[in-house]
Protein chains: 2
Amino acid sequence: MEYISSIAQLQNAFAKLPGVGRKTAQRYAYAVVTMPQEQAEAFAQALLDVKKQVKFCSVCGNITDKDVCELCQKRKHNIICVVKEPKDVTAIEKTQCYNGVYHVLHGTINPMQGVGPNDIRIKELLARVAEGGVDEVIMATNPDVEGDATAMYIAKLLKPLGVKVTRIAQGVSMGSELEYADEVTLHRALEDRKQL
Amino acid sequence: MEYISSIAQLQNAFAKLPGVGRKTAQRYAYAVVTMPQEQAEAFAQALLDVKKQVKFCSVCGNITDKDVCELCQKRKHNIICVVKEPKDVTAIEKTQCYNGVYHVLHGTINPMQGVGPNDIRIKELLARVAEGGVDEVIMATNPDVEGDATAMYIAKLLKPLGVKVTRIAQGVSMGSELEYADEVTLHRALEDRKQL
């Protein structure tokens, strides 16, 4: 294969996407080569439009095309659900059982990767709670080491403000089999058992 | 997650890439949201550049930015290696043991998906061989049902032209274990055994 600079450049661009290695990036670049012209143009335009149109909500930090997102505009602010990323908002909204607002941290504390408490939107959360009117803050960061640590860290900062802080339940997943559950999950499921 | 048209559009664009489903497309689109502005612009530009710069070689059908690709320009045309896609050329070039030219079919015969002999570059291959000066045609289509069938089909058309037609060897892969080889592969490896 002779070297074609534009293909190499496109490969590099694809390789910057999460989870895309050299081989996959090459595959995507070849797909673009054989793609109809209009489709490639629409693709390029969509990239530029996203950068132009998408902003972060000035209240909760979620993705929006307005200054304050729709959820922040129409919902009560007495319960705040704290998540790591915008896609976690999507995941929780799909359950249709939560009716409060969110706070997107845009990361979790991860000293190994050099992400400290000041690198994520913790002080913005403290400011929201300090303003008053908040009854409960639900920590819905991922059930992993970083997510747990971040939840604990934030809970410690929030409690002096007199707000109830909760953590989403951890246990065995719906539809899974005990046999295949990992030990930590099973341990938590037993520990947090509920009376029927 | 509120609906943002530009994100939905970008997701659709990503979802058209090979092997990209809805979830992955969403993940890529979010990555673009948090990407630096210049990086997204370079990405969009690379897409457009590829469509503008990349053509198919008028001789072998491989990807190039010239009218006739470098390989066709500098190599002897007495051996032609027939492959399914441009990336197969890359794969064979990496071995550094082939010194002839290529012929890219841009597909293999696949009646189930409505791809017949006239939909791939078979007549262009016949024309090249009919011009004379070709000693051997190596069928290097994939070792699967479609690749084998296409190789057989083309071989039948080429033989009357008095050219030697060969097929790349099939057998157990280097570094693999017999225990895990599938039956067809092992069958071929036994059948095509070589005297030492």
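Every chain is numbered from 1 and lettered A, B, ... according to where its sequence line falls, protein lines coming before strand lines.
Taking the six-membered ring where tryptophan is involved, the planes of A:His106 and A:Phe56 are perpendicular, since the angle between them exceeds 60° and thus also 30°. Taking the six-membered ring where tryptophan is involved, the planes of A:Tyr28 and A:Phe14 are perpendicular, since the angle between them exceeds 60° and thus also 30°.
Under the 4.0 Å criterion applied to side-chain N and carboxylate O atoms, B:Asp144 and B:Lys84 are not assigned as salt-bridge partners.
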Test side-chain contact (heavy atoms from CB on, under 4.5 Å) on A:Cys60 and A:Arg128 and set out the steps.
CA-CA 9 Å; A:Cys60 71; A:Arg128 279 176 81 177; 3.6 Å; yes
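For the options B:Glu41, B:Gln53, B:Met35, heavy-atom pairs under 4.5 Å to chain A are most numerous at B:Gln53.
Looking at B:Tyr102, neither its backbone nor its side chain comes within 4.5 Å of chain A, counting heavy atoms on both sides. For a residue to count as touching a neighbouring chain, one of its non-hydrogen atoms must lie under 4.5 Å from one of that chain's; by this rule B:Glu85 does not touch chain A.
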